[in-house]
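Just so it is clear, the model here is predicted, and its values are computed rather than measured. Letters go in sequence order (proteins before strands), and every chain restarts at 1.
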Amino acid sequence: MSVLSQHFFERPVLTVAPELLGKHLVREFPDGTTIKLQITEVEAYDGEKDLACHASKGRTARTQTMYESGGIWYVYLVYGMYHMLNMVTGDADYPAAVLIRGAGELNGPGKLTKHLKVDKSLNARASATSTGLWIEESGVVVPEHHIIRTPRIGVDYAGEWAAKPYRFMLAS
DNA sequence: GGAGTGATGACA
DNA sequence: GTCATCACTCCA
């Protein structure tokens, strides 16, 4: 199956996020072993106006990655323990990203990155086979009624933005 | 319900 | 420099 092109990610985050459901997240280690997981849960973070988005604080050393054009990984550490895996979307200078919260049998963004050995060394790297972490077509077509939309998790501080239905899940 | 953990941003 | 906060998970 083909690797999703940078083109795919250079679109509005609310368009890209639901389309990632059902696609394959692929991790390849230096020893050649690969892990391929179907993406089951994502969240969208959309620009400086989105108070739940890190870029609501503006351009900083950390958020710079989100200001790049789509198709690169945004990885950061929360709570001193867990790396979060995000895919940057949209055009350059518009900060937006999709958080991958679940894939395969793994529920929870922290468990996902631990299992796939994803850390900050992948931050700002392209989604590509040369990086060892990428997203590719699965051939699965997800009908719209199999997608569940809910508010995002863990962003209660974001006022009215906490209530936006920016979380997308595959119905089981 | 509450702790662990350390990078990050705000403020001085 | 200090301090509070955090896109989480596990254990009670």
Those residues of residues 45-64 of chain A lying under 4.0 Å from DNA chain B by at least one heavy atom
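Here the set is A/Lys57, A/Thr60, A/Arg62.
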
ask   = Which residues, if any, of residues 96-113 of chain A bring a heavy atom under 4.0 Å of DNA chain C?
value =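 Listed by number, they are A/Leu99, A/Arg101, A/Gly108, A/Pro109, A/Gly110, A/Lys111.
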
Stepwise side chain to side chain contact (heavy atoms under 4.5 Å, CB included) check, A/Arg11 with A/Thr89:
CA-CA 6 Å; A/Arg11 296 181 294 149; A/Thr89 66; over 6 Å; no

What is the minimum heavy-atom distance between [X] and [Y], and which atoms define it?
| X | Y | result |
| --- | --- | --- |
| A/Trp73 | A/Thr65 | O-CG2, 3.5 Å |
| A/Met87 | A/Ser127 | CE-CB, 3.5 Å |
| A/Asn86 | A/Ala97 | CB-CB, 4.1 Å |
| A/Pro109 | A/Ile100 | CB-O, 3.9 Å |
| A/Ser69 | A/Glu10 | CB-OE2, 3.7 Å |
| A/Val13 | A/Ala96 | CB-CB, 3.9 Å |

Whole angstrom value for the distance that separates [atom2] of [N] from [atom1] of [X]:
| X | N | atom1 | atom2 | value |
| --- | --- | --- | --- | --- |
| A/Leu77 | B/dA7 | CG | P | 7 Å |
| A/Met84 | B/dT5 | CE | P | 17 Å |
| A/Tyr79 | B/dG2 | OH | C1' | 13 Å |

**Q.** Passing option when A/Asp50 is tested against A/Lys164, A/Lys57, A/Arg152 for salt bridge (Lys or Arg N to Asp or Glu O under 4.0 Å)
**A.**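 Among A/Lys164, A/Lys57, A/Arg152, the one meeting salt bridge (Lys or Arg N to Asp or Glu O under 4.0 Å) with A/Asp50 is A/Arg152.
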
Practice task
Just call it for A/Met81: base, sugar-phosphate, or nothing, with non-hydrogen atoms closer than 4.0 Å on any strand.
Solution key: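 A/Met81: base contact, heavy atoms under 4.0 Å.
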
Regarding A/Lys114, tell me which of base, sugar-phosphate or nothing describes its non-hydrogen contacts under 4.0 Å with the strands shown.
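Answer is nothing: A/Lys114 stays at 4.0 Å or more from every strand.
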
Output field dot_bracket for DNA chain C (Watson-Crick or G-U, both distances under 3.5 Å, | for other-strand pairs) contains ||||||.||||.

4.5 Å side-chain heavy-atom contact, A/Gln38 and A/Lys23
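Contact flag for A/Gln38/A/Lys23 side chains = no.
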
message: Within the 4.5 Å heavy-atom criterion, are A/Phe8 and A/Leu20 side-chain neighbours or not?
response: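 A/Phe8 reaches A/Leu20 side chain to side chain.
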
Practice task
Could I get the full list of ring-ring contact (aromatic ring centres under 6.0 Å, His included) partners for A/His54, not counting sequence neighbours?
Solution key: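 If we apply the ring-ring contact (aromatic ring centres under 6.0 Å, His included) test to A/His54, skipping adjacent residues, the hits are A/Tyr76.
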
- Item | Closest-nucleotide ordering on DNA chain B, the 5'-leading residue of A/Tyr82 and A/Lys120 |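 That would be A/Tyr82.
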
Review point. What residues form a salt bridge (charged side-chain N to carboxylate O under 4.0 Å, His left out) with A/Glu136, not counting sequence neighbours?
Key: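 A/Glu136 satisfies salt bridge (charged side-chain N to carboxylate O under 4.0 Å, His left out) with A/Lys36 only.
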
- Message: Need two values: the first and the last nucleotide of DNA chain C, 5' to 3', having an atom under 4.0 Å from any heavy-atom of chain A.
- Response: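 So the outermost contacting nucleotides come out as C/dC6 to C/dC10.
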
Exercise. Step by step, work out the side chain to side chain contact (heavy atoms under 4.5 Å, CB included) result for A/Leu99 and A/Tyr45.
Key: CA-CA 8 Å; A/Leu99 169 65; A/Tyr45 290 84; 4.0 Å; yes

